[in-house]
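Worksheet for the structure shown next.
All heavy atoms count here, side chains included; hydrogens, waters and symmetry mates do not.
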Amino acid sequence: QVRLVESGGGLVQAGGSLRLSCAASGRAFSSYAMGWFRQAPGKEREFVAAINLRGDNTIHADSVKGRFTISRDNAKNTLYLRMGSLEPEDTAVYYCAAHGTGWGPSVVSSDEYPVWGQGTQVTVSL
């Protein structure tokens, strides 16, 4: 089973940028579709973005479309989330996750991801 460790979170001012990384180890990273989710205090975990095995198909939540970009480097066993034009509403713990089945509509559902990282905090200040 793949193991996931996120990094790159921190405190940033509104309008700023961050790049999150998710390092994978164990079972072949390239055999998983991958996703990013986030959870703000008092709110449910929500879908942010997902990417297929080869990295040539992505989907982003409407709330981040045009500001965030998911990507992957299978040679480096790493998933990325580049975040720009950050807003205070983006403040949350961000999680990467490995999808359990093939690419399809289920990639937006956290229930379809059996493997999760520990999360990294992103805080956006005014």
Side-chain angles (χ1 to χ4, degrees):
Q1 174 163 296
V2 68
R3 291 178 293 277
L4 306 172
V5 178
E6 301 96 335
S7 62
L11 174 65
V12 62
Q13 287 189 324
S17 301
L18 280 175
R19 188 181 76 163
L20 305 183
S21 298
C22 173
S25 60
R27 188 176 172 184
F29 172 69
S30 59
S31 64
Y32 292 91
M34 298 293 296
W36 286 100
F37 289 77
R38 66 186 182 185
Q39 188 166 18
K43 295 187 177 181
E44 293 188 354
R45 190 168 297 187
E46 67 170 347
F47 171 77
V48 175
I51 190 166
N52 70 342
L53 302 183
R54 294 185 304 273
D56 57 0
N57 198 352
T58 63
I59 182 171
H60 296 77
D62 287 344
S63 59
V64 306
K65 201 170 293 183
R67 300 188 300 121
F68 292 11
T69 302
I70 189 173
S71 63
R72 67 191 298 164
D73 186 335
N74 287 343
K76 295 182 178 180
N77 291 337
T78 305
L79 176 73
Y80 301 101
L81 184 68
R82 184 173 296 278
M83 306 186 294
S85 301
L86 283 160
E87 305 167 352
E89 293 73 22
D90 296 316
T91 295
V93 177
Y94 284 71
Y95 299 89
C96 66
H99 192 250
T101 58
W103 184 256
S106 68
V107 297
V108 302
S109 171
S110 61
D111 292 340
E112 300 300 322
Y113 289 79
V115 182
W116 293 78
Q118 84 289 347
T120 186
Q121 176 71 46
V122 172
T123 302
V124 184
S125 64
L126 288 170

Interatomic distance, CG@Leu18 vs OG1@Thr120, rounded to 0.5 Å, equals 9.0 Å
dist Arg72:CZ -> Cys96:SG (nearest 0.5 Å) comes out at 11.0 Å
Any side-chain heavy-atom pair of Ser106 and His99 under 4.5 Å: yes
Exercise. Check the pair Tyr113, Tyr95 against ring pair (Phe, Tyr, Trp, His ring centres under 6.0 Å), reporting the backbone distance first and the verdict last.
Key: CA-CA 11 Å; Tyr113 289 79; Tyr95 299 89; over 10 Å; no
When every non-hydrogen atom of Ser85 is compared with those of Asp90, the smallest separation belongs to O-OD2, 4.4 Å
Taking atom NZ as the centre, does Lys76 end up with more than 12 heavy-atom neighbours from other residues, nucleotides or ligands that are less than 6.0 angstrom away?
no
Met83 and Leu20 have their tightest heavy-atom pair at CE-CG, 3.8 Å
Between the CG atom in Leu79 and the CG atom in Asn74, the distance rounded to the nearest 0.5 Å is 9.5 Å
Residues Tyr80, Arg19; criterion side chain to side chain contact (heavy atoms under 4.5 Å, CB included); working and verdict = CA-CA 7 Å; Tyr80 301 101; Arg19 188 181 76 163; 3.7 Å; yes
Common cluster, Val93/Val115, ILVMFWY with side-chain heavy-atom separation under 4.5 Å: no
d(Gln39 CD, Glu46 CD) to nearest 0.5 Å is 9.5 Å
Among the clusters formed by ILVMFWY side chains lying less than 4.5 Å apart, do Val107 and Phe37 turn up in the same one? yes
The reported gap from CD1 in Ile51 to CD1 in Ile59 (rounded to nearest 0.5 angstrom) is 12.0 Å
> Under 4.5 Å between side-chain heavy atoms, hopping through other hydrophobics if needed: is there a path connecting Val2 to Trp36?
Replying inline: yes
So CZ of Phe68 and CZ of Arg82: to nearest 0.5 Å the spacing works out to 12.5 Å
Within the distance-only criterion (no hydrogens, no angle test), does the side chain of Asn52 pair as donor or acceptor with the backbone N or O of Asn57 below 3.5 angstrom? yes
Q) Is there a path of hydrophobic side-chain contacts, each under 4.5 Å between heavy atoms of I, L, V, M, F, W or Y residues, that connects Leu81 with Phe47? A) no
In short, Ala14 meets Pro88 closest at the heavy-atom pair CB-CD, 4.2 Å
Closest non-hydrogen atoms of His60 and Lys65, given as atom of the first, atom of the second and distance, are O-CE, 3.4 Å
For Asp73 and Phe29 the tightest heavy-atom approach is O-CE2, 4.1 Å
- Just do the side chain to side chain contact (heavy atoms under 4.5 Å, CB included) check on Arg38 and Thr91 with the steps written out, would you? CA-CA 9 Å; Arg38 66 186 182 185; Thr91 295; over 6 Å; no
Minimal heavy-atom distance between Ala98 and Met34, with the atoms involved, is CA-SD, 3.6 Å
| task | Answer yes or no: are there more than 12 heavy-atom neighbours, outside Gln13 itself, under 6.0 Å from its atom CD? | result | no
